[in-house]
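Comments concern the structure below.
Residue numbering restarts at 1 for every chain, and letters A, B, ... go by the order of the sequence lines.
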There are 2 protein chains.
Amino acid sequence: MNSWPDPGSALPLLWRTAERPSRGSGLTIGAIVEAAVLIADADGIGAVTMRSVAERLGVGTMSLYTHVPGKRELYALMLDRVFADAAEKPEGDWRERCAAIARQDRDRYLRHPWLLELPAARPAFGPNVTAKYDRDLAALDGTGLTAAEMNAAVMSLTSFVYGAARFQSQARSDERDGRGERRFWQDHEPFMHLVLDPERFPTAHRVAEEARNEGDADHDSSFEFGLERLLVGIGDLIGRRA
Amino acid sequence: MNSWPDPGSALPLLWRTAERPSRGSGLTIGAIVEAAVLIADADGIGAVTMRSVAERLGVGTMSLYTHVPGKRELYALMLDRVFADAAEKPEGDWRERCAAIARQDRDRYLRHPWLLELPAARPAFGPNVTAKYDRDLAALDGTGLTAAEMNAAVMSLTSFVYGAARFQSQARSDERDGRGERRFWQDHEPFMHLVLDPERFPTAHRVAEEARNEGDADHDSSFEFGLERLLVGIGDLIGRRA
DNA sequence: ACGTCGTACCGTACAACATACGGTAGAGGT
DNA sequence: ACCTCTACCGTATGTTGTACGGTACGACGT
């Protein structure tokens, strides 16, 4: 259940080349996808069931299947839909462009955390996904990198952003559900003599002590730290090409 | 359903401070976790059901609940179990240590792809998870970074590795299921005039052309590319501290 | 205006899931 | 020999995606 549908079944829907007409109910692909996205934003991807989507549209469950072959195709449509915000190209030099894209991607993941539950790689090239891919590559255009290097650099940034967003998003939803940092350490209390054993785990013990005094870095600054390091590393390669 | 159990319910199991005795069936926490891991390795996390685990152990489904409060706790136990390979510390300078850890983490994700479906952040500090955290920090010890910087650097590497592994793992399982690269582009064929439209998506069009001639970079070299860039970036910071 | 047909829409049914609940039988203590 | 505790399990419930077989409505030919 955790893979994309065949592009063959998703692409005609993504590009709307096989849209079925609506009769009296106003049911269209667009309406179904919109309802699904709203539900997912509000209550998570787990709340997106064929029943819940149909109910929100005031329609029988099985009616959805007239317009969408199944749930996987609905997921593919939802993904392409929320990438609509990646239309216009960012300004500045390659570094600013990459940073802007990374931050926008991170923000999109935080706005639609269910994106992180979907398969990560190779979604079908719908209109908005294609536009985003084009924009990502354009950010590195004119740097003297080869096509393969551009692809690898985009992939590296994408991987980092994906991972970082996943950690931050989970922390955020944990916090919302009362399973936050405080609760986490409270529950650990009876086991801290095992976890912070200075014999067994000396570095963790010491760093935990020091971090307690320094104050913890939050996810935002941790993201900026990693993004900065990665861009410095890519800049090093670009500099060596010139 | 997609969150960790309360650490309060997982920790006694993780540290085996509340193990129930087995009667005639040989049922223990360890046996249950081992069976679950084997099923997940073979057929994915989706195949790990209370029924399938019980069946593999020759035991009634509900008997598992004597030893494990629920499925979430089982997930937490599975995670800690496969981190047992992170015991010994890697050799070399900080750079080699970090690279070795990153590669080992990536390999673990590829060996146990279901790890990527579990929540990413803040698993309960079981014995092996704690050991891994200690080892990660130790890799950056003696570099002159502050505790907060060490944490951020570990987090950055972890995020990148997690994301990269997620992409690579999905590509691998897609390939295994006959949904590989070849099939992907075959299915796209009827839509390539839309996807590679040089008017709408000029950079994607050009890079796709060039990459066709250069040959595609695989996931392994893409991983090494990103790891190298990230380590160069971290090295830049360390150099500035000295 | 009327008959006919394609299909948008939907009610019911089924298999798979986690797990609540209430037993049962067998091991260990006295 | 008897009692008690609990490891083990059968059954039942609510939820999921979706297969299957209708039904009734919009459009079109005459």
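- Side-chain proximity of B/R23 to the nucleotides C/dG6, C/dT19, C/dA27 is greatest for C/dA27.
- The distance between atom OH of B/Y65 and atom C1' of C/dC21, rounded to the nearest whole Å, is 13 Å.
- Distance, B/M62 CE to D/dT13 C1': 12 Å, rounded to whole Å.
- For the pair B/Y75 OH and C/dA18 P, the interatomic distance rounds to 7 Å; values are reported in whole Å.
- Among the heavy atoms of the strands, none lies under 4.0 Å from B/V53.
- A/T66 comes within 4.0 angstrom of a nucleotide base, judged by non-hydrogen atoms across all strands.
- Distance B/L74 CG to C/dT19 C1': 14 Å, rounded to the nearest Å.
- Taking atom CZ of A/R72 as the reference point, atom P of D/dT16 lies 18 Å away to the nearest angstrom.
- Nearest to the side-chain atoms of A/T61 among the listed nucleotides C/dA25, D/dT18, C/dC9 stands D/dT18.
- Below 30°, between 30° and 60°, or above 60°: for A/F160 and A/F223 the angle between ring planes is below 30°, a parallel geometry.
- For B/L230 against A/G226, the heavy-atom pair with the smallest separation is CD1-O, 4.0 Å.
- Ring geometry, B/F167 versus A/Y162: the interplanar angle exceeds 60°, so the pair is classed perpendicular (tilted spans 30 to 60°).
- In terms of heavy atoms, A/D134 sits closest to B/A204 at OD1-N, 2.7 Å.
- With hydrogens and angles left out, the side chain of A/R20 and the base of C/dT7 share no donor-acceptor pair within 3.5 Å.
- With D/dC8, C/dC9, D/dT18 as the choices, the nucleotide that has an atom nearest any side-chain atom of A/R51 turns out to be D/dT18.
- With hydrogens and angles disregarded, a donor-acceptor distance shorter than 3.5 Å links the side chain of B/D218 to the backbone of B/S221.
- Computed from coordinates, the B/E55 CD to D/dG10 P distance equals 12 Å when rounded to whole Å.
- Between D/dT18, D/dC8, C/dA18, one nucleotide has an atom nearer to the side chain of B/H67 than all others, and that is D/dC8.
- Protein atom CG of A/L57 is 13 Å distant from nucleotide atom C1' of C/dC9, rounded to whole Å.
- Here the P atom of nucleotide C/dC17 and the CG atom of B/L64 are 14 Å apart, to the nearest Å.
- At C/dA8, none of the side-chain N or O atoms of A/S63 fall inside 4.0 Å of OP1 or OP2 (strictly under the cut-off).
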